[in-house]
Amino acid sequence: MRVLVNSTQMKQCDSNTIQHYGVPSQVLMERAALGVVEEVEKQNLSNNNILVVCGSGNNGGDGFAIGRILSQRGYKVTFVLAGDKTKASAETKQQIKICLAYGANILDAIPDMEYGAVIDAVFGIGVNREIQGNYYKIIQRMNQLQAWKVAVDIPSGIHTDTGEVMGIAFQADMTVTFAFEKIGIMIYPGAAYAGKVVVKDIGIGKESLLEEKCTTYCLEKNDIFKVPKRLSYSNKGTYGKVLVVAGHKNMAGAAFFSGKAAYATGAGLVKVYTEEINRTIIQELLPEAVLETYEAKSEIEKTLLDSLSWASVVVAGPGIGTDEVSEHMIRIILENTEVPVILDADGLNIVSHHKEWLRERNMPLIVTPHLGEMARLTEKSIFDIQKQLLQVAGEFAKEYNVICVLKDARTVIALPDGTTFINTSGNNGMATAGAGDVLTGVIAGLLAQKMEPMQAAPLGVYLHGTGADWMVEKTGTYGMMAQDIIEGIRQVLKEIDKEGI
């Protein structure tokens with residue numbers, strides 16, 4: 001699990017390293033420069049003309065140090081200062097002085113010529129307002145150049161905390177960032193501008209946070225090993241009972257995907273509670289599942305309450321519709337369940353009209369909205385939610401004391417205590433019908449095996465994406481379907497099984 005930081009935390013780490021530990025700022029700057037130079041040299045550029053565009057802040061100082069080292073190593077470096085030299089930071093003024101002593105010529109505009117690489121050191125993590133005027137024109141010109149492009153720490157124009165494009169942003173092929181990954185390049189649209197992200201150690205570690213609490217994380221490959229171990233002495237009851245309340249008329253697939261995904265993730269038993277019309281379909285698609293059906297509203301309360309008492313985790317909502325009968329079922333679940341519940345899809349659409357139900361429940365609750373469902377839950381526009389993914393998910397999690405899995409290209413998982421996770425597994429082949437139903441089943445399968453909800457939600461999202469990544473070589477992104485994701489998850493867990501988890 002990796003730590004992600006926002007702009008305030010990173011600035012504090014810089015300050016703590018300099019003030020508390022006594023590491024000179026110029027030492028950090030030189031180490032940052034060497035990290036970028038290392039990546040540039042790995043490219044084996046056919047054209048050794050390199051453009052370095054610097055701002056007047058410390059990011060610009062990094063750029064001048066990078067250009068100077070590259071020049072000393074035989075590259076033909078063109079320096080451009082985009083900012084005002086008189087307003088440069090003390091460190092950047094010193095780097096400019098060193099470059100001039102080495103005979104550098106610092107320009108105020110980008111010359112028309114061909115470059116092998118363009119290095120962006122204009123703004124770094126400090127951008128918090130729209131980019132305009134000369135800065136806008138310079139970044140626009142940098143983007144137009146045909147060259148390999150690298151951003152120093154973060155692409156100029158990307159908001160470090162939200163990933164928002166502040167009017168315009170540098171389009172990098174690679175971002176060399178320092179100490180920690182920044183939140184803004186882990187979520188979209190910032191992630192699309194960052195290209196490949198490489199983290200360099202410059203002498204700032206977790207100890208530089210001092211008393212600052214890390215609140216944002218990113219799961220990685222080793223976290224898969226947190227999937228509960230299988231026991232030699234066990235039976236199907238050992239691995240829990242998942243109740244899937246899903247599937248309206250013509251929507252049997254949702255129940256199937258959630259149920260099968262729960263089995264594929266390791267659940268011992270799955271019961272599907274669905275409309276009678278789906279009986280034959282579910283029995284044919286998922287004969288391993290126990291089946292409980294209903295035809296009329298009058299018979300729901302007893303049969304559903306019996307099923308709820310049987311379950312160790314409940315999935316509620318995929319494909320159930322939003323009519324009076326479906327609303328009745330969701331209310332029964334939220335009023336009478338004590339085991340963890342995952343509320344998804346139509347369950348969320350129903351609750352968006354009855355948010356007081358969220359406050360009145362007694363069980364641990366995970367909600368898994370996509371952007372449209374989140375818009376209905378929060379009464380915010382999709383556009384506004386996309387600009388503040390972490391904030392919106394975090395506020396909802398805290399207000400309703402739920403775990404919020406806000407699904408997007410980079411899904412955000414927010415816990416009520418303020419901890420958030422950004423998921424980086426997966427690919428655009430997952431933009432397919434049924435993928436969300438699979439996710440609810442994956443999380444349910446982990447919960448059934450007695451994993452705590454605050455662990456199961458982020459790990460389930462990561463495993464879901466990892467399964468899709470495993471399958472993409474076989475299916476490609478265009479042809480990937482929900483069942484492929486389930487098969488990928490099985491393969492990922494099979495590999496872990498071989499390693500003796």
Side-chain angles (χ1 to χ4, degrees), residues 227-228 230-231 234-248 251-294 300 303-320 329-330 332-333 337-347 363-366 368 434-451 453 456-457 459-460 463-464 467 482-490 492-494:
V227 171
R230 306 290 285 188
L231 304 175
S234 60
N235 56 59
K236 60 181 179 288
T238 306
Y239 303 112
K241 303 171 183 178
V242 177
L243 174 63
V244 177
V245 181
H248 205 274
M251 291 293 287
F256 162 68
F257 289 132
S258 290
K260 185 170 182 179
Y263 269 134
T265 311
L269 285 163
V270 174
K271 177 187 280 191
V272 175
Y273 188 92
T274 191
E275 196 169 357
E276 170 63 25
I277 197 170
N278 294 325
R279 175 182 292 277
T280 301
I281 299 171
I282 298 298
Q283 286 179 328
E284 290 180 353
L285 289 175
L286 194 63
E288 300 89 345
V290 180
L291 196 60
E292 181 80 47
T293 64
Y294 64 90
I300 285 176
T303 57
L304 183 53
L305 286 173
D306 287 344
S307 292
L308 291 172
S309 66
W310 168 89
S312 51
V313 57
V314 178
V315 169
I320 64 169
M329 288 194 296
I330 293 298
I332 289 172
I333 291 168
T337 309
E338 295 183 358
V339 299
V341 171
I342 306 167
L343 195 61
D344 185 35
D346 287 328
M363 86 295 287
L365 181 62
I366 299 172
T368 58
D437 304 321
V438 171
L439 175 60
T440 59
V442 172
I443 297 174
L446 296 175
L447 289 169
Q449 296 169 82
K450 300 182 175 64
M451 180 168 268
L459 183 57
L463 179 59
H464 182 240
Q483 291 195 67
D484 298 320
I485 300 173
I486 296 174
E487 179 58 29
I489 291 165
R490 293 175 62 188
V492 170
L493 294 177
K494 178 183 175 182

**Study point:** Derivation of the side chain to side chain contact (heavy atoms under 4.5 Å, CB included) call for Ile489 and Leu463
**Key:** CA-CA 7 Å; Ile489 291 165; Leu463 179 59; 4.1 Å; yes
Taking the side chain as everything from C-beta on, heavy atoms only, tell me whether [X] gets closer than 4.5 Å to [Y].
X	Y	value
Thr293	Ile282	no
Leu243	Val339	no
Asp306	Thr303	no

What distance separates [X] [atom1] from [Y] [atom2], expressed to the nearest 0.5 Å?
X	Y	atom1	atom2	result
Ser309	Lys241	OG	NZ	9.0 Å
Tyr294	Ile277	OH	CD1	11.0 Å
Ile281	Phe256	CD1	CZ	11.5 Å
Ile443	Met451	CD1	CE	11.5 Å

If you look at every heavy atom in [X] and [Y], which pair is closest and at what distance?
X	Y	value
Leu447	Pro340	CD1-CB, 4.1 Å
Val313	Ala448	CG1-CB, 3.9 Å
Ile333	Met363	O-CE, 3.7 Å
Gly434	Ala482	C-CB, 3.7 Å
Thr274	Gly247	OG1-O, 2.8 Å
Pro364	Pro453	CB-CG, 4.0 Å

Practice item. Check each of Ile342, Thr337, Leu343, Val314 against Leu365 using the side-chain contact (heavy atoms from CB on, under 4.5 Å) test, and report the only one that passes. Key: Leu343
Review point. Which of these passes side-chain contact (heavy atoms from CB on, under 4.5 Å) with Val245: Val315, Leu304, Val272?
Key: Leu304
**Study point:** Sidechain-backbone polar pair: His464 side chain, Ala435 backbone, donor-acceptor under 3.5 Å
**Key:**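 Judged by distance alone, yes, a pair lies under 3.5 Å.
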Point to revise | Main-chain N/O of Gln483 paired with Glu487 side-chain donor or acceptor, under 3.5 Å | key: no
Below 3.5 Å, can you tabulate the donor-acceptor pairs from side chains in residues 258-269 to any protein atom, sequence neighbours excluded?
residue	atom	partner	partner atom	Å
Ser258	OG	Ala254	O	3.4
Ser258	OG	Asp437	O	2.8
Ser258	OG	Thr440	OG1	2.8
Tyr263	OH	Val270	N	3.1
Tyr263	OH	Glu288	O	2.7
Thr265	OG1	Ala261	O	2.7

Point to revise | Gln283, CD atom: more than 12 neighbouring heavy atoms under 6.0 Å | key: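 Correct, the count exceeds 12.
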Review point. What residue pairs, at least two apart or across chains, pass salt bridge (Lys or Arg N to Asp or Glu O under 4.0 Å) with a residue in residues 262-286?
Key: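 Sorted pair list: Glu276-Arg279.
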